[in-house]
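The chains referred to below are lettered A, B, ... by the order of the sequence lines, with proteins before strands, and numbering in each begins at 1. Atoms considered below: every heavy atom in the structure, side chains included; atoms not considered: hydrogens, waters and symmetry mates. Predicted model, so just to flag it, every value in this text is computed and none were measured.
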Number of protein chains: 2
Amino acid sequence: MTKARVTVIDIAKAAGVSKSTVSLVLQGSSLVNEGTRSKVNAVMRELGYVYNRGAANLRQAGAKSRIVGVVVNDLTNSFFAELAVGVDMVVQSAGFVQFLSNTGESIDRQREVVASMREHGISGLIVSPARATDAADFKPLVAAGIPVVVVVRNLPGAKVSSIVSDNRAGMMSAVRHLAGLGHKRIAFLGGFPDTAVFDDRLAGYRSGVEAAGLDYHEELVISSAPSRAGGVEAIGKAIALARRPTAAVCFNDAVAFGVCDGLRARRLEPGVDFAVVGFDDVIEAQAAVPALTTVSVDPQGIGRRGAQMLLKQINAGKAEAETVTTAVRLVVRESCGAGRAAPARTGKSVKSKQDAE
Amino acid sequence: MTKARVTVIDIAKAAGVSKSTVSLVLQGSSLVNEGTRSKVNAVMRELGYVYNRGAANLRQAGAKSRIVGVVVNDLTNSFFAELAVGVDMVVQSAGFVQFLSNTGESIDRQREVVASMREHGISGLIVSPARATDAADFKPLVAAGIPVVVVVRNLPGAKVSSIVSDNRAGMMSAVRHLAGLGHKRIAFLGGFPDTAVFDDRLAGYRSGVEAAGLDYHEELVISSAPSRAGGVEAIGKAIALARRPTAAVCFNDAVAFGVCDGLRARRLEPGVDFAVVGFDDVIEAQAAVPALTTVSVDPQGIGRRGAQMLLKQINAGKAEAETVTTAVRLVVRESCGAGRAAPARTGKSVKSKQDAE
DNA sequence: TGACAGAATTGGAACGTTCCAAATACTTAT
DNA sequence: ATAAGTATTTGGAACGTTCCAATTCTGTCA
């Protein structure tokens with residue numbers, strides 16, 4: 001086992017050519033003679049050469065490290081794991097590798113990992129920002145010409161590309177569906193008001209309510225942590241209302257599950273005594289009892305699109321900030337009570353590819 | 001916005017010192033005068049200097065890139081997502097970054113990403129190998145002095161460190177528990193037979209069956225994809241058996257969930273009409289309905305331990321191959337029917353000090 | 001004042017690649 | 001056989017850092 005690294009010079013020597021030629025071979029240049037090429041390749045294989053991207057990258061002055069950074073706020077949430085997988089797919093097949101880090105919603109950690117990634121010379125960054133991330137945090141990156149794509153949560157004020165799902169339309173269709181089932185008082189439960197996503201979903205709720213010819217009541221909007229526990233809390237307050245709602249759209253699926261828990265604790269059966277609709281369509285949604293009616297947003301698709309967008313910008317060399325919102329669709333299952341109240345409308349619950357494997 | 005990179009030389013010039021001094025500051029050397037240090041630091045901040053690890057790494061001839069590679073076979077499985085988070089935690093706080101890739105069980109892809117990581121100069125690798133990985137695939141890495149830690153699935157024959165959970169003991173305790181509840185025909189469902197993990201779990205099942213004084217029947221072992229869909233398929237076959245089983249231990253939680261789905265599709269209630277036990281204790285296990293009785297393995301803990309092991313080897317410079325198997329414990333919930341059938345026996349899961357950390 | 005010891009600083013020379021301009025090797029047409 | 005091409009090959013000179021040996025700066029002591 002030779003301890004020393006095999007370099008391009010070693011190859012050159014062994015193959016009886018110059019290092020420049022070897023370099024040409026490495027880059028698949030058409031300038032080099034077929035015979036030479038194969039000889040060099042043979043020698044490389046024989047000596048167990050491994051390319052040193054660091055060195056190459058140094059010479060090529062930035063731009064093409066073939067590394068993209070991926071930063072997510074909660075990898076244990078399967079939503080984001082899926083997203084990372086989507087990114088990895090396209091990034092990998094484009095010959096890049098992904099640097100993935102998890103911030104766990106900590107802005108400090110986010111700052112650290114982004115800095116670290118920068119030191120390593122990433123050629124682009126995909127990030128689902130931690131809560132309360134300052135848009136200015138990514139300023140230096142774009143100033144340095146490193147494309148940034150923000151996903152899932154947008155960052156108002158930052159001049160970067162972003163992909164978010166159509167929160168507004170999603171919420172609207174959820175409300176429309178419930179109204180169509182005859183519900184008059186529909187609550188909006190869960191979520192922290194200090195996020196852009198919350199604003200969008202709330203706006204969608206409001207539009208939906210008004211479009212259905214109902215009145216928008218402030219008291220029916222009850223925020224809470226976007227978690228199962230938060231859902232329990234929110235439904236508690238909703239039930240305590242003088243004029244209690246008969247249905248609710250929830251900030252996300254976690255909240256929706258909590259709402260179901262809370263209902264059962266009060267001897268109310270979700271989907272029967274009270275209609276519940278979630279948002280995200282996490283994997284558990286279809287297996288839960290009752291199966292959750294929810295707005296489906298394909299995280300892996302977002303990952304793929306984000307990666308494509310990023311690669312495009314990397315290749316273009318110029319970062320044209322563009323914003324796309326991906327379509328979502330309501331998946332009607334049981335928790336909204338559609339099954340019994342209005343059998344018609346049931347829209348084909350989607351076949352889930354996730355379980356296919 | 002200067003387009004050109006700010007280098008150590010620019011800093012030197014601006015601070016009126018030599019590049020060597022700047023380098024010293026960068027490394028926190030005690031040789032440099034306090035005044036100089038702070039001036040240099042100030043200038044660095046002012047000019048927006050970013051350290052170029054590639055260049056540094058080039059000079060420092062290998063060894064210390066501060067990158068660890070993490071390769072998992074299925075990131076969409078929250079088990080592995082958790083594992084990656086565990087790795088990230090310790091790796092990050094040690095000042096490393098993680099290169100994470102997903103192979104999706106493809107050996108080719110695995111080969112690609114490992115090669116790519118090597119080119120990027122990782123200083124160590126943590127891998128949960130894709131099915132049917134050849135132990136020889138990692139030979140070149142260790143020959144080059146790059147520590148490798150294999151997790152979750154072991155790689156017989158490879159001279160690398162590994163961390164696996166105690167699959168045998170886990171399955172045994174699951175079977176013992178079911179037998180204690182009075183079950184006589186217990187099936188083993190799911191998993192691909194060509195993996196070491198499968199062998200271990202099956203061996204544990206067999207030992208458990210025999211230890212309980214029951215007979216081992218080949219027909220009760222039904223393999224399938226280790227996924228939810230696979231579980232549905234497997235329980236279908238099990239139910240079709242002439243002498244149908246009354247309980248099943250499953251290859252993993254995904255299979256177990258599938259088994260529950262399949263049962264319900266046949267109007268059987270898991271935990272009531274049929275006992276189901278999983279393996280892994282993924283996050284969803286406790287929230288599911290019915291809550292899944294399963295063997296808990298703490299993937300995040302494995303990730304952390306694996307990372308620690310790797311860092312130790314990286315720092316030691318020498319890769320002493322060691323193997324540890326982490327303890328597991330049965331978590332009794334609802335899906336096994338323990339609640340009603342035989343409240344007694346509920347076993348005292350093995351307290352594992354190893355997981356204490 | 002000179003010598004001496006630290007303390008602090010500094011100019012190259014690497015590291016392994018790519019790029020450039022220039023050199024050499026072949027063809028083909030004259 | 002020679003000029004003009006075309007196809008290949010090739011020595012440096014970068015890239016941004018760290019390391020080494022050597023230098024300059026302090027102060028102290030005789």
- Note on the structure: Angle separating the five-pair end axes of the helix from C:dT1-D:dA30 to C:dT30-D:dA1, nearest 10°, is 60°

- Would you please name every residue forming a side-chain contact (heavy atoms from CB on, under 4.5 Å) with A:Ser29, sequence neighbours left out? A:Leu24, A:Leu31

- Item | Neighbours of DNA chain D within residues 112-122 of chain A, by heavy-atom distance under 4.0 Å | none

- Query: How many Å lie between OH on A:Tyr51 and P on C:dC15, as a whole number?
  - Reply: 18 Å

Using distance only, find each side-chain donor-acceptor pair of residues 301-311 of chain A under 3.5 Å and give its atom names and separation, not counting sequence neighbours.
none

- Task: Check salt bridge (charged side-chain N to carboxylate O under 4.0 Å, His left out) between A:Lys312 and all other residues, then give those that pass, not counting sequence neighbours.
- Result: A:Glu322

- Message: Output the rounded distance in Å from CG (A:Asn57) to P (D:dG16).
- Response: 11 Å

- Message: Without decimals, in angstroms, what is the distance between A:Ile9 CD1 and D:dG12 P?
- Response: 12 Å

- CG of B:Leu58 versus P of D:dC19: gap in Å, rounded? 12 Å

- Any residue meeting salt bridge (charged side-chain N to carboxylate O under 4.0 Å, His left out) with A:Asp137, in chain and number order, not counting sequence neighbours: A:Arg111

- Message: Please list all pairs meeting ring pair (Phe, Tyr, Trp, His ring centres under 6.0 Å) that have one or both residues in residues 17-52 of chain B, counting only residues at least two apart or in different chains.
- Response: none

- In whole angstrom, what separates B:Gln60's CD from C:dC15's C1'? 10 Å

- Taken in chain and number order and not counting sequence neighbours, the residues that satisfy side chain to side chain donor-acceptor pair (under 3.5 Å) with B:Ser20 are none

- Classify the side chain of A:Arg59 and the base of C:dT18 as holding, or not holding, a donor-acceptor pair under 3.5 Å. yes

- Query: Rounded to the nearest Å, what distance is computed from the OH atom of residue A:Tyr49 to the C1' atom of nucleotide C:dG16?
  - Reply: 8 Å

- By salt bridge (charged side-chain N to carboxylate O under 4.0 Å, His left out), which residues pair with A:Arg118, not counting sequence neighbours? none

- Residues of residues 30-46 of chain B with any non-hydrogen atom less than 4.0 angstrom from an atom of DNA chain C: list those, numerically ordered, please. B:Leu31, B:Val32, B:Asn33, B:Thr36

- Length of the line joining B:Arg53:CZ and D:dT17:C1', which is rounded to integer Å: 12 Å

- Item | Residues from residues 11-28 of chain A lying under 4.0 Å of DNA chain D - heavy atoms | A:Val17, A:Ser18, A:Lys19, A:Ser20, A:Thr21, A:Leu24

- Residue pairs fulfilling ring pair (Phe, Tyr, Trp, His ring centres under 6.0 Å) with at least one residue in residues 119-138 of chain A, sequence neighbours excluded: A:Phe99-A:His120

